Amino acid sequence: MDYSFKEIEKKWQRYWIENATYKVTENPSKPKYYVLDMFPYPSGAGLHVGHPLGYIASDIFARYKRLKGFNVLHPMGYDAYGLPAEQYAIQTGQHPAVTTEQNIKRYREQLDKIGFSFDWSREVRTCEPEYYKWTQWAFIKMFNSVYCNLCKKALPIENIISVFEECGTEGLNLACSEPMTFTAEFWKSRTEKEQQEILMNYRIAYLADTMVNWCPQLGTVLANDEVINGVSERGGYPVEQRKMRQWCLRVSAYSQRLLDGLEKIDWTESLKETQRNWIGRSEGAEIRFYLSPDPSPQERGEIPENPSREMLENPKGWFKNTTDENNWKFLINIAKDFRSNQTEAENELWQAIRAKKIGYKIRRQHIVDGFIADFINLEKQVIIEVDGGIHLTTEQKERDKQRTAILNQFGFEVIRFTNEEIFDNVQNVALKIKDYLDKVPSKRTATTPLSCGEGSGERSFVVFTTRPDTIFGVTFMVLAPESEYVSQVVTPEQKSEVDTYLDATKKRTERERQADRKVTGVFTGSYAINPANGVEIPIWISDYVLAGYGTGAIMAVPAHDSRDYAFAKHFNLPIIPLIEGADVSEESFDAKEGTMINSGFLNGLTVKEAIKKAKEYIAENNLGKVKVNYRLRDAIFSRQRYWGEPFPIYYKDGMPYTVALEDLPIELPEVDKFLPTETGEPPLGRAKNWKYEKYPLELNTMPGFAGSSAYYLRYEDPHNDNALVSREANDYWGNVDLYLGGTEHATGHLIYSRFWNKFLFDLGIVGKDEPFQKLINQGMIQGRSNFVYRVKNTNTFVSYNLENKYDTTEIHVDVNIVSNDVLDIEKFRAWRPEFADAEFILEDGKYVCGYAVEKMSKSMFNVVNPDDIVEKYGADTLRMYEMFLGPLEQSKPWDTNGIDGVHRFLKRLWGLFYKGDEFVVTDEPPTAEELKALHKIIKKTAYDIEHFSFNTSISAFMICVNELATLKCSKRAILEPLVIVLSPFAPHIAEELYHALGNTTTVCDAQFPEYDEKYLAESSVKYPVSFNGKVRFTLDFPADTQAKEVEKSVLENEQTAKFLEGKEIKKVIVVPGKIVNIVF
RNA sequence: GCCCGGAUGGUGGAAUGGUAGACACGCAAGACUUAAAAUCUUGUAAUCAUCGCGAUUGUGCGGGUUCAAGUCCCGCUCCGGGUACCA
């Protein structure tokens, strides 16, 4: 009987299904082990030979653990939401659910052929309502939670609301979008809608206007990890920056915990390092820089020494650039001056409306866009003007009209009262104001950059630096072009130049900015004062400073920062070295080492000491504060797409509310087309009756990582309709013990998943803080392309080694019609009609192809399908060959050339059991040599599996079977344990032979044999004898020979004298069991 | 630029500081066969050689530690991956 793998594999695959061999249930009497693969996105192309690599490795491990007595959870499912299915739907009209279903079916067929031990009864698909119910549920939980920086965990929002009611923000430190402080009174006086707006600032899932990566071709926003080099990860389309209102997840709140958690888990150092870099913690200080005061308008001669009040009320008329607020300080002074010199009517009204007498906070003499408004309510952006005598002139009326129009443009409404009305009945005027305010919807909660109230007259900005020690070397400041500070510091003289620069910057896409790294920038005209030494330093704008990091402003130290250095050289700004011996004539000295000079009180300290001292100085002198910054940004969670989870959110009065938990899931609706609506709304805008209790539902859907962030928990309890996972199931299965997948998820899925899990941990839903205890990255399988060489302008092809004698073009040829780099000429002729009459110049009667390692893709004709390999060699051969290819974590090209060796090994193993049709296994007792071969493989396999060194254990199997074949061993006592040890690698043949040996249960329920050191002991040791490190001959000694005796007998050996060449021995080293070295 | 890997025969790759090249592919020779496939046996790092004794060199390059280095240390070169004006 031959090794007929086809029948065997079909037979046992059926048996495993019929006997539910791989179904697992919680079993407290056994220790658990959870082995997980990153679940695949079922693409239309199906699996290629690279996909199963990780699955095979994890399957070997799972089967091994089962043999070792563990209750192994080894599930599989599909990450079924995603862009490709939707893009395909847009092109063809085919519903993504249909193509996804087809692709899943195809994946399943392919997976089933390889003999995995997945428990398919636990399958999950992210696009199924029973599954995404729990994605939506988690989102609601995040919406209803805030992150407390003091207790370092998520808390229910109700707890925080009750604190707001009692003491406002006092004593709280919550993760938020914008820092806010308010009192209990303030909170209580807000309308429900206003309270909702405030809460949005704190929610873990929140709605915000943020700069997003907008991809016009895909018609959606993308997360940072979905953008690579300025183009989309999927499709490679350009991405631009745009401000949009989007759902976000406050991942940044967990930065420190995500960093700390890395210490507790068993991941490769390189992967942890990638995550550390992505989180990007940097310790430093925030330092406040005050602007150097501008010359007053009088000093500049722009206005008369003693302007009339009439002029001052309308500074816009003669300040050329009041919107730029460069005359801020002057205006503030005027406003202050006005306040103490109010007109009688103004004073009367002020007394009637001040201190919330009418229920609204009113400010007086407030600067708005260069105008000084008499009274203002900021919240509703309503300005109240009191018109005295001067307002009665025609000219002034015209000016007032213009002024009102300008203020309206900025969203302010203006109501006017005359002196007479006020004197007549001030209470009546107050009431009118109140009525007016009641009717106007509130517009805002924070102060607008266009206005400035009492007390905020001093202009300053804050920078973040990790090198506070270099403060004495700050020779200029740089603002990001998008910085809020820009408008505050630009002088009238520089305005047009700055505007030109800002426009140019805006036009450049992210990609262009990255492509050319030219030094660009513009001077604002303003100066700041160095808080350490009082020196005036110019303020510049440049796009090398990013608005999104730190405060969007930096203090530039060209001597010790390479980017600042390049900028300083380009614009000829001063460079002051601060470290002794640092040569900054050619480049900056960025290293944090050396002794400080030119640095006042820091002189003589080392850089490290200086950093510490500078921080202390900054804190003590109130110049700023010590600060830790993280690069990690909040995750943007909205996608303007169809094929994703709908949000369980509806809008009432413009504010979002969550759907009741019992109404989950909110199912994805049908739409007529998978495109945005005519009005530019996302595809869900096309859904009919897309409402919840008459209120409109959210039109965005969730991104790809939503469904993949907690899927490992669902496997633990996949059919539970009452919880994501029950506490009992989670207590038993815990977190994933071994997670296998590609490195490409290092900064996406593996961050989001950890964040999601930590959030659920805070809520007490899961018991483990980290989701994946051990993680292994399998290497990528690259393609190995083959080439034929066509002689130019002919239909003649020349073999690889003769190719250089002709003028040829290289053509990719389908690797499936090439074997060991030899072309199958008949198949080649049939492959393409134009090659049907091709002629060939051969070498040694063969056509040899060239080869190259490239990405595996259809266009390179180098895709190898696992089905074809299974068809030709069987699943066991495929499994073992993929493992034999090389170390699991290493990337390597797929090369079918070596597969015969593995297949031969299985046939040789088969040959130990069957000679012809006869089953030749006997019950004879084994010899010592046979036992040694067996116990060697038991020991080696166990060690190698635990160290994920599968390629070496397969070598060991080959050695073992070669040895047994040489010994002609067909003894049950050897072969039965061998089959069990082999079964994780080649389960089909193992199952067949295990049953052939008379067993009636599956080999999966066998016990992994224990090795016994006594069978491994060698009776004799072969000592290499070396002279000055060079091995010359070997000598055999009984294993228990003492070192002294070995030395003696080596020295007495006649060969020793020969190699000594009569020289004197200086030293003899005998390493017991290893080697002898004679030094002379 | 920074961080992380890696570099060993014609090829994939082995090697707790102790005989470098296990195991496999490929190739060559042989056996079986009318022949081919399959299978089995032998050989296969390079150079020299009085090609069945042997010798020399050899793990990207240059140093070092050690009785002994592919392995440890220092300095480079090249290749692969990740990441980036992150202050």
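Because the structure is predicted, anything quoted here is derived from the model rather than measured. A note on names: the letters A, B, ... follow the listed sequences, proteins ahead of strands, and every chain is numbered from 1.
Taking the C1' atom of each, B/G75 and B/C85 are spaced 30 Å apart, rounded to whole Å. Nucleotides B/G6 and B/G43, compared at atom P, are 34 Å apart to the nearest Å. Nucleotides B/A14 and B/A22 place their P atoms 13 Å apart, quoted to the nearest Å. Here, B/G26 and B/C78 have their P atoms 36 Å apart, quoted to the whole Å. Using C1' as the reference atom, B/G12 and B/A84 are 35 Å apart when rounded to the nearest Å. One C1' atom belongs to B/A15, the other to B/A87, and the distance between them is 47 Å to the nearest Å. Taking atom P in both B/U39 and B/U56, the straight-line distance is 41 Å, to the nearest Å. Rounded to whole Å, the P atom of B/C74 lies 15 Å from the corresponding atom of B/U65.
When Watson-Crick and G-U wobble pairs are counted only if both distances are under 3.5 Å, B/G17 pairs with no nucleotide at all. Pair assignment for B/C78 gives B/G6, based on Watson-Crick or G-U wobble hydrogen-bonding distances that are each under 3.5 Å. Applying the Watson-Crick and G-U wobble criteria (two distances, each under 3.5 Å), B/C27 pairs with B/G43. As the counterpart of B/G70, no nucleotide is assigned, since no Watson-Crick or G-U wobble pattern has both distances under 3.5 Å. Base-pair partner of B/U65: not found among the strands shown (Watson-Crick or G-U wobble, both distances under 3.5 Å). The nucleotide B/A38 finds no pairing partner, because no Watson-Crick or G-U wobble arrangement with both distances shorter than 3.5 Å includes it. When both pairing distances are held under 3.5 Å, B/U50 makes no Watson-Crick or G-U pair with any nucleotide shown. Using N1 to N3 plus N6-O4 or O6-N4 for Watson-Crick, or N1-O2 and O6-N3 for G-U wobble, each under 3.5 Å, B/C32 pairs with nothing.
With distances taken from any side-chain atom of A/S270 to the nucleotides B/A14, B/G18, B/C4, the minimum falls on B/C4. Here the nucleotide nearest the side chain of A/N951, chosen from B/A24, B/A14, B/C86, is B/A14. Checking B/U39, B/G12, B/A87 against every side-chain atom of A/F884, the shortest atom distance belongs to B/G12. Checked against B/C67, B/A87, B/A22, the side chain of A/V545 finds its nearest nucleotide in B/A87. Of all nucleotides listed (B/C23, B/C67, B/U83), B/C67 comes nearest to the side chain of A/K1067. Counting only heavy atoms from C-beta on, A/D543 has its side chain closest to B/C85 among B/A84, B/C67, B/C85. The side chain of A/S955 sits closest to B/C23 out of B/C23, B/A87, B/U16. Checked against B/G18, B/A15, B/C25, the side chain of A/R904 finds its nearest nucleotide in B/C25. Comparing B/A14, B/C86, B/C25 by their nearest atom to the side chain of A/R563 picks out B/C86. For A/M958, whose side chain is taken as the heavy atoms from C-beta onward, the closest listed nucleotide among B/A24, B/A55, B/A87 is B/A24.
Between the base of B/U19 and the side chain of A/K1030 there is no donor-acceptor pair shorter than 3.5 Å. Checked by distance alone, A/N897 brings no side-chain donor or acceptor within 3.5 Å of a matching partner on the base of B/C25.
Residue order along RNA chain B, read from the 5' end via each residue's closest nucleotide, puts A/Q890 first among A/Q890 and A/K1074. In terms of position on RNA chain B, the residue among A/D895 and A/K1022 whose nearest nucleotide sits closer to the 5' end is A/D895.
Summarising the geometry, the separation between CG on A/N277 and P on B/C4 is reported as 9 Å, rounded to the nearest angstrom. If you take CG of A/L271 and P of B/U83, they are 12 Å apart, rounded to a whole angstrom. With rounding to whole Å, A/I959 atom CD1 is found 13 Å from B/G21 atom C1'. Put simply, NZ on A/K892 is 14 Å from C1' on B/G6, counting in whole angstrom units. Atom pair A/K907:NZ and B/U39:P shows a separation of 4 Å (rounding to whole Å applied). Rounded to an integer number of Å, the gap from CD1 of A/I554 to P of B/C85 is 14 Å. Regarding A/I541, its CD1 atom lies at a distance of 20 Å from the P atom of B/C85, rounded to whole Å. As rounded to whole Å, 10 Å separates atom P of B/A38 from atom NZ of A/K872.
Using a 4.0 Å heavy-atom cutoff across all strands shown, A/L885 reaches sugar-phosphate atoms only and no base atom. Residue-level contact check: A/R276 touches neither bases nor backbone, having no heavy atom under 4.0 Å from any strand. A/N962 comes within 4.0 angstrom of the backbone, heavy atoms only, and of no base. At a threshold of 4.0 angstrom between heavy atoms, the contacts of A/R281 with the nucleic acid are absent. Heavy atoms of A/P887 sit under 4.0 angstrom from primed sugar atoms or phosphate atoms, though from no base atom.
Ring geometry, A/F567 versus A/Y544: the interplanar angle falls from 30° to 60°, so the pair is classed tilted. Using cut-offs of 30° and 60° on the angle between ring planes, the pair A/F905 and A/F957 is tilted.
Within 6.0 Å of CD on A/E587 lie no more than 12 heavy atoms contributed by other residues, nucleotides or ligands. Around atom CD of A/E586, no more than 12 heavy atoms belonging to other residues, nucleotides or ligands sit under 6.0 Å away.
For B/C86, neither phosphate oxygen OP1 nor OP2 lies less than 4.0 angstrom from any side-chain nitrogen or oxygen of A/T466.
A/F461 is not listed as a side-chain neighbour of A/E484, based on a closest heavy-atom distance of 4.5 Å or more. Under the 4.5 Å side-chain criterion, counting only non-hydrogen atoms from C-beta, A/L750 is in contact with A/L271.
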